[in-house]
Structure formats: structure tokens, C-alpha cells
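The analysis underlying the following values was restricted to heavy atoms, covering all of them including side chains, and did not include hydrogens, waters or symmetry mates. Here is the naming used below: chain letters follow the sequence lines, and residue numbers restart at 1 for every chain.
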Amino acid sequence: MKYLKLIGTTALATLTAVTPVMAQIAEIGPGEGQLSIVAWAGYIERGETDPAFDWVTGFEEKTGCKVSVKTAATSDEMVALMNEGGFDLVTASGDASLRLIAGGRVQPVNVDLVPSWKDVDDRLKNAPWHTVDGVHYGVPYMWGPNVLMYNTEVFKEAPTSWNVVFEEQTLPDGKSNKGRVQAYDGPIYIADAAQYLMANKPELGITSVYELNEDQYAAALDLLRGQRELTSRYWHDAFIQMDDFKNEGIVASGSWPFMVNLLQADGVPVASVIPKEGATGWADTSMLHVNAKNPNCAYMWFDHQLSSNLQSDLAVWFGANPSVLAACTDKRGMLTPEICTKNGLDDFERIKFWTTPVSNCAAGEGACVPYYRWVSDYIGVIGGR
Amino acid sequence: MTPSTATLPTRGIADRLTGLFWRRPGIFLLLLLLPPLLWLGVIYLGSLLALLLQSFYSIDEFSGMVRQELTLKTYGELLRPQNLDILIRTVVMAAAVTLACAAIAFPIAYYAARFAKGHWKAVFYLGVMLPLWSSYLVKVYAWKLILAKEGILSWAANATGTSFIIDGLLALPVIGSSSLSTSPLGTFMVFVYVWLPYMILPMQAALERVPTSMLEASADLGATRGQTFRTVILPLALPGVIAGSIFTFSLTLGDYIIPQIVGNSANFIGMAVYQLQGTAGNIPLAAAFAVVPILIMLVYLWLAKRAGAFDAL
Amino acid sequence: MTIAVEFSDTSRHFGSVKAVDGVDLQIEEGSFFAMLGPSGSGKTTCLRLISGFEQPTGGQIRIFGEDVSNTPPHLRNVNTVFQDYALFPHMSVRDNVAYGLMVKGMGKRERLSQAEEMLDLVKLGQFGDRKPSQLSGGQRQRVALARALVNKPRVLLLDEPLGALDLKLREAMQDELKALQHRLGLTFVFVTHDQHEALSMADSLAVFSDGKIAQIGTPAEVYDRPRTRFVADFVGSSNVLPPQLTQKLGGPAQWSSIRPEQIRLADAGPLFGPVTALRYLGAGTRVVIDAEGTQVAAFVPAGQPVPAEGSIAYLNFDAAALNVMEEK
């Protein structure tokens, strides 16, 4: 998602224990005439921002379900809105989806009632951020990688490693990278450091970048402290980062395809790459509120989401990847195989999708450093501590 | 014309109400003050108390849920080194911004209060107020561009051969960075720019209230300009300076936009509050952070009062 | 005789406004000198020229013989009691009085003891700890006086010092000021628009009009022998007679003046006309007659018969009492 929204001190250790098993719908009735969705800004476009990007009007005409959107800026806001109730769907990121499932705010989805489910990218069908104990709690929406954006005038060839942002070095233009790279201003970025260490310090034995033991965590923080020396500013606002690439002499940073596309359209010499260590990323899922008033319209939306131009045009709009592979090739919208490649479609396996770090991880109860410590420690790192 | 009675007939409810208010001015005053008092009492103080209460709750580190039991644990968290850094960084910045604003504002306010007449006074007010009319965000983004590495300021410095000044400043430890726009120095400059009017206006009002004869009396009694400044002007203008410094100090303490856009991403109190209540969902710690500026301002006012800042009021 | 303050052809123009225009003036040491005139006549500007808050645009000012053209206020051994007293509100009364000594670098103990002494002199010995805002108008006036006097100035300037006081207090302060000046033997220069105040306190006075001195002299000279219509009008309540009336009374064809108390009612006389107004003043009655279009007032002491309003009255006086002025 555009903004990584992670709840501060969430620990979902007891996830499986409290997962309620709820009845799911057995058949779709007639539409209720309306559908309300909690979504990220830019996710539900009806041609009002840019006439070329509209994936709502067709749905409304076809189903008679009038779509209303409540945009949310953070995952916490999404969770809060869903807790309040009154909405049918939410486009939740990996860090919110499991909380919603654990909190019993969303209901299982009967994928048999979604004809286009068969088209969902196999890599996403059973993704752990919406599938718990084999039960599906949502329909994949969009996903994207956190790529390494770089200035093509400085890097005549694409950098192969994240080390350009993590370790002080002389860049191909003969100048140091000090003060010329950026990092993400969010605690989840610790996972990016862990990913770099996973490849370059195998002796730490990191197996999952969201499940770090004390030693691995300490090493990641050390790496980030070194990065603080290289970074004059951390980014969390897409437009500020773009401005920094234009005016601040920034030549390399973790980023999203969204910014890469916009900068390229602006004539700025940038490109992006997923370096050899791989990348972190985000994957969003539409989920149905447990007390949704309009479940029939919601199920129609699930299918619309997968079958219409949505997958194709939203991917272009957002620099993201569709959850239906066919969308890249079948010209249902503006998406082309080239754009899919550029947005990182082929790099799925190399992407570690954002999940909330919890203390009870695969390595055992309390074996991992939980997210609330990521929050406070990353504040410390950026503060120079 | 022959008046038949000593009083004129009342013309309805309005006259009778007027009569009531005339006999009991208190009722009128109460009616007048009730809405603002309710607003202040319920909305304003109420939310402040809610904030205070939140800060005594704590967050369950396991579930991330707010535990509604009174505890000092959250304030303990506030004293962790990285949080203490934020507090110190913010207070030092606020103090530096306040001092700089006072130093820059004084000559301007003094000129406006003592010498500017007619046209020039209008020009002064316009000059001071004009920046306040444009959007705060626009100004801050504009400053980001002015201070950027490839921005207006470094272009001008290059053109005039004065880059060494900027480079020298940026080479300084702690306040320097790779460019003004990413340095604490840049954050400082933008803060000073944005809050300066809030210092000039009260200062000018205070200076205007110092009668000229007071300054003449001082000179008449043998004081040099410097002595007059120290012993008469400054103490008499102090309430204005304090008022201005309350603005600049507290505005800097609470701001979270400027350090986000211009600076090196190191957190300030406002940013921490914003992140903690939003992204991290840690309302108690956010509330505890938010209580700090209130406490600082209370201490500040108390010290100012003790130092006699309000004696000339 | 030493001259304390001397103006030689001194002017102070503000653009086209001639606040002070070619004034020549000598103030003797040890005298109580009053500058009298309506507002805007230039008297206050003259005072400010002495204190140094204004600089002359022409001519010279000497203080005890020294040309002070290049001396800023704080280097002049002259102190001022301001019209609004200009006491420092943030200082105690004692610190206010000690201020001049402090800025000259006197030690704390010494200056505070001198300040106490001075407060005793103006009878405010027990008020040293108060703030000026806790004092009455008369008390503040005395503090201002003490604050100026503690510096032992060679000339003390007083700008309408009694203007803000009520009548009774003002009269008491007039006596006190006079006594103080007498005791200290200092030169006092005193600005006022109140002719009674000027006449009763000053050793000599200058009457200002339009930036110039209209007349200078002792109170008696100015009161008895005004040189111009303006002075006659402004100082006291003299009758001003036009040239043709003066001539009729045996003088030259010039303006003249005569004071009401020098005129008596008679059975016949050179001045006569219908009584137009009667005003009972306690010690006597003021009778106004219309003599050929000029209103002439006479003072009839109590006990003497008073003519009825509308009746014809005759006025008579000693020829010597008629003051012939310079104006034709």
C-alpha cells in the first residue's frame, strides 16, 4: 500500500486460538442496491480524478449497486472504521488483514460464489495474510514491491544490491553516496535491513525478515544506524520523495513503482530495480465485514474486482501488480506485459510481503522481537541513537 | 405637548427584558458569557482532561490494546533514551527559534512602534501579516525548494561565490547535513520564518505602550541608549516579548509539519504524537508526549512571572 | 550675575512649522523662570531644547556658558520633571529616585541612601518600597521631583508639573515648589499655560506666542505693563482698548490696556456706556459697560453701590494707570 500502516504494538500471537469460524454465505441473492467500501485513496476511481481511470461506473450500471467510498489514510483507521461498523468491504493491507480476522470483524469468503476466483494468481490464492487454517477471508486486490529507485545518470547500469543505500561507498559517478540516499520513514523498514543481512550475513541465520530474534534484530538496527549517517532525510510522503529526487540530489532509495512511474513521466532520469537480495512489498485484500448489510453486492464486487478492467487500470494508475495474471495480457484495460514486468510482476517470489512482527513466531513463543519495539527503536535510529 | 405620566409605556417583551437587564446587569453578563464559557469548559478543558487521562493509561504490548487502568508506566516510557532525545531536541529547537525570533523581531517591532508613521505603519502591518495570509503548507513547501541542494539559495550562493558560507554551516556537526533542506539548520530557519510574525506583533504592541517620555526621562537622568534599553525598554516590553515567546515556543513545541518536510527526519514531539496516535495506535504514549509541552509552558510561565515579566502589566 | 541658560536667536523649525523662531532669552542662575503661553506657542519646545530632546535648527543654546549644540541629553547636567511624570512603572519608588545615580555608576548602598534622603526632602520617606502605581497623583509628582533633584542638576526643568493635579493640591504644591527652589537655590525653568501659576511662582517669566517671545520680565511688569494685545489678553484680565479709545483718553493713537481694579465708577468720566453685565465675585462686583463698542470691565469693591444692568455708567481712572502698548 502507499503508506505502510502498521499498528503500533500489535501482537497477533493468539491468532489461531481466537479465530472465530463463522458461517459463510451459500448463495448470492439479488443486489441490495448499494455497497460501501473503506479503501485507500486512489483505489476506487470512478473517473472523477482522471476520466481515463474508471472501474466503478460499469459495476454500478451492471449490478445496480451504488458504490460509496470512505477513504482511510492508515491501517489503524481502517481497523477502527471496521470496528465501528456500517461498511461492507475494506481493502486491507497485510498488516491490517490479520488483525481484522483475529478481531472477528470480517467473515470468511465463499470463493465458490466468485466465478473469477479461478483467475486469481495462484501465488496469491492461499496467501497467509488472508487465509487462516485454509479459510479464505478475502479476495486479493493489488500488490506491489518496494523497489530500489535510482538515478540513471549516476548509475549507468542498475545497481545489483541494496548496499548502495546501506553501506557507505563511492558511486559510479565517483562521489560518495553519503547524503544522497534515502530510506523509508517507517519501522517496517527494519525488515528491509534484515533482508539485506539475510543475504549478506548468512551467519545470522535470518529465515524470515518479519521474525527476528534478539541477535538478528540488533544486527539490523546496527545496519540502520550506519545508514543514518548516509541518509539526510527519511521519506514517508511519496511527493516529498519525488521532490527530493528532483531537487535534493538524491540518487538512490527504496521506493514504489508509483513514484518511479510519475518521475519518469516527468522526464526525471530514474529507473527501478529489485536487487539481488529481493525486496519487501505489500499485498492488499478486499474483505467483507462480519455484519455487512449488503453481502450480495459485495460478492458481486468481488467478482467485478477480478474480472473487470479494475485489475488492469488500477495497476497502471498505481504502479502496482494485478492479482489476476491475465490482466497483464488480455487488454481488458491499459495494462501491458511490459508494464507488469516493470511493476515487478515477475519478482513475486523475491518479495517479502509486509506482515506485523509478533513475539510468538515460528521460532517459538516469545522468540521474536514484537512490532512495538520496532516502532520505538526505529524512532531512536532516526533520532541518531 | 403635555407628558401625562412619568414613564413611557413599554413596547413589548424587548423593553421588559431591557428593564430586567438594567436592574440586574449580572443576568445579562451571564447570558453573554454562557456560550463561550460552555465552549471553553466542556470542549476545550474537557478534551484537555481527556488527554491527561489517556496519558495515565498504558498500552498492552502484547495485544496493542489500550489498558484503561491508571498507571505511570507510559510516563516511564517517555524517559526511554530515544524518547528523551525527542523531548530534548524539541525543547532546544523551540528555545533557539524563540531566541532568534526575539532577536530578529525586536528591531522591526521597535522601528514600527517608535518611528513608523502613516504609510510606513501600513506597510509594516502588511509586511508582517502578508505571510500569514498564505497557506502554511505552501510556505513550508516553498522553503523546501528554496533550501534544496539544487534550490534557489544554493544557486544564489553559487552565483555570488558565497557557497562556502553554506558549505561551512552544513559541515557543522549536529546542525549540518548534506543540504539546508535536510539539515536541522534548515528546520530552524523555516521555523523562524513561519513564527516570526507571532513574535513581532505582541512585541510591537508592548513597545508601543512604552511612552516616549519614559525613554526621555531615562536619557534625561543620564542613561546611555544601552542603559535605557536594558533598564527601561526591555523590562517594559517584556510582557510583549513573553507573549511572543509563548507563541513561538509553544508553536514550535507542537509543530509536526515543518520537521517532516524540512529537516533530517529526526522526530520532534509533534511528529511523535502524530505517529504514535496514528500509525502506531499508541494513544497513551502520544498523550504523554502531548502533556510535555503543556508542562513546559506552565513552568515557563511560572518562571517568567517569578522573574517579574508581568510586573509592568 | 551668572546666566544659567542662554538662547541666542535660537530656532527650531519642523518643516514649515516654526515651533521656536529666533528666540533670545537669558535665564539667571538661581531664578524661578516661567515660560507661559497657550499650547503650540513654543514654550515646551524651548524646554526640550534645554534638556536636549530637541536640537535647534538655528542659533545657539548655552548652559552656564557652554555651547550644548553637540551634547546629547544624558550628558547635560540638567534634569526634567515630565508632565506625565514618566516614572518607571516596573521599579519601586526608591529605585526610580536612585535611577539617575545608578546609571552614572554609583554604588548601590550610596545611591539608595541618597534616594532616601531625597524622598525625605519631598516628604515621601516611608513610600520607598511602593510602586508608582500605588501612589496618588501628588505623590507621584513629588517622586518625579525627587528623581530629578537627586542628580543635583544645575538647572531643573519642569514641564507643566502641576497640570494633572486638582486645584487644592496644585496650590499646595505651588507653595512647596517655591519653597524648595528657595531652599536649594537652584535654577528652575517652568513651563505652564496657567498665568496665575506663572505669576505667583516665577521670579521672571517669558510669554510665548507663535514661537516667539511676546514679552519677558518680572510678573509685575508683565501683568501691569503688557506690551502687546496678546500679552494683555493672555496674562490677567486687562481691558484692551483700541487706538481711538486710547486717543480719546489722552494717549497716542495706539492700543492700550487697563486693569479692571484700576477703574472706578464715577459720576462723570471719559468712559461711559450702558451696563451690559454684572458678575458678583464676593470681594466685589465686576461691571461691564459697552463703551463705543468696546467691552470695558471695572471692579467695584464690596460695599460700594453697583449700577443696575442697562443703566448708563461712567468710569474714571488715574491717567498713569493707562498702559499704552507698542501696537498701533
Is it the side chain or the backbone of [X] that comes within 4.5 Å of chain B heavy atoms, both, or neither?
{"X": "C:R147", "answer": "both"}
{"X": "C:V78", "answer": "backbone"}
{"X": "C:L87", "answer": "backbone"}
{"X": "C:F88", "answer": "both"}

_Among B:Q227, B:E216, B:M214, residue most engaged with chain C (heavy-atom pairs, under 4.5 Å)_ =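 If we count pairs closer than 4.5 Å to chain C, B:E216 comes out on top.
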
Is the number of heavy atoms from other residues, nucleotides or ligands within 6.0 Å of [atom1] ([X]) greater than 12?
{"X": "B:Y256", "atom1": "OH", "result": "no"}
{"X": "B:F247", "atom1": "CZ", "result": "no"}
{"X": "C:D120", "atom1": "CG", "result": "yes"}
{"X": "C:Q134", "atom1": "CD", "result": "yes"}
{"X": "B:F28", "atom1": "CZ", "result": "no"}
{"X": "C:H182", "atom1": "NE2", "result": "no"}
{"X": "C:Q60", "atom1": "CD", "result": "yes"}
{"X": "B:K139", "atom1": "NZ", "result": "yes"}

*Which atoms form the tightest heavy-atom contact between B:S213 and C:D84, and what is the distance?*
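Result for this residue pair: OG-OD2, 2.9 Å.
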
*With chain B as the partner chain, list the residues of residues 183-194 of chain C whose heavy atoms fall under 4.5 Å from it, by residue number, and write 'none' if nothing qualifies.*
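Counting heavy atoms that sit under 4.5 Å from chain B, no residue of residues 183-194 of chain C is involved.
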
*Determine, stepwise, if the pair C:Y99 / B:V232 fulfils side-chain contact (heavy atoms from CB on, under 4.5 Å).*
CA-CA 10 Å; C:Y99 185 80; B:V232 180; 3.5 Å; yes

*How long is the gap from CG on B:D220 to CG on C:L157, to the nearest 0.5 Å?*
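Separation between the atoms: 7.0 Å.
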
*What's the spacing between B:T231 OG1 and C:M91 CE if we round to 0.5 Å?*
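It comes to 5.0 Å.
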
_Contact check, side chains of C:H90 and B:L236, non-hydrogen atoms, under 4.5 Å_ =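 Result yes, sub-4.5 Å side-chain heavy-atom pair found.
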
*asked:* side-chain contact (heavy atoms from CB on, under 4.5 Å), that's the test. Do B:L221 and C:N151 meet it? Break it down for me.
replied: CA-CA 7 Å; B:L221 293 164; C:N151 300 289; 3.2 Å; yes

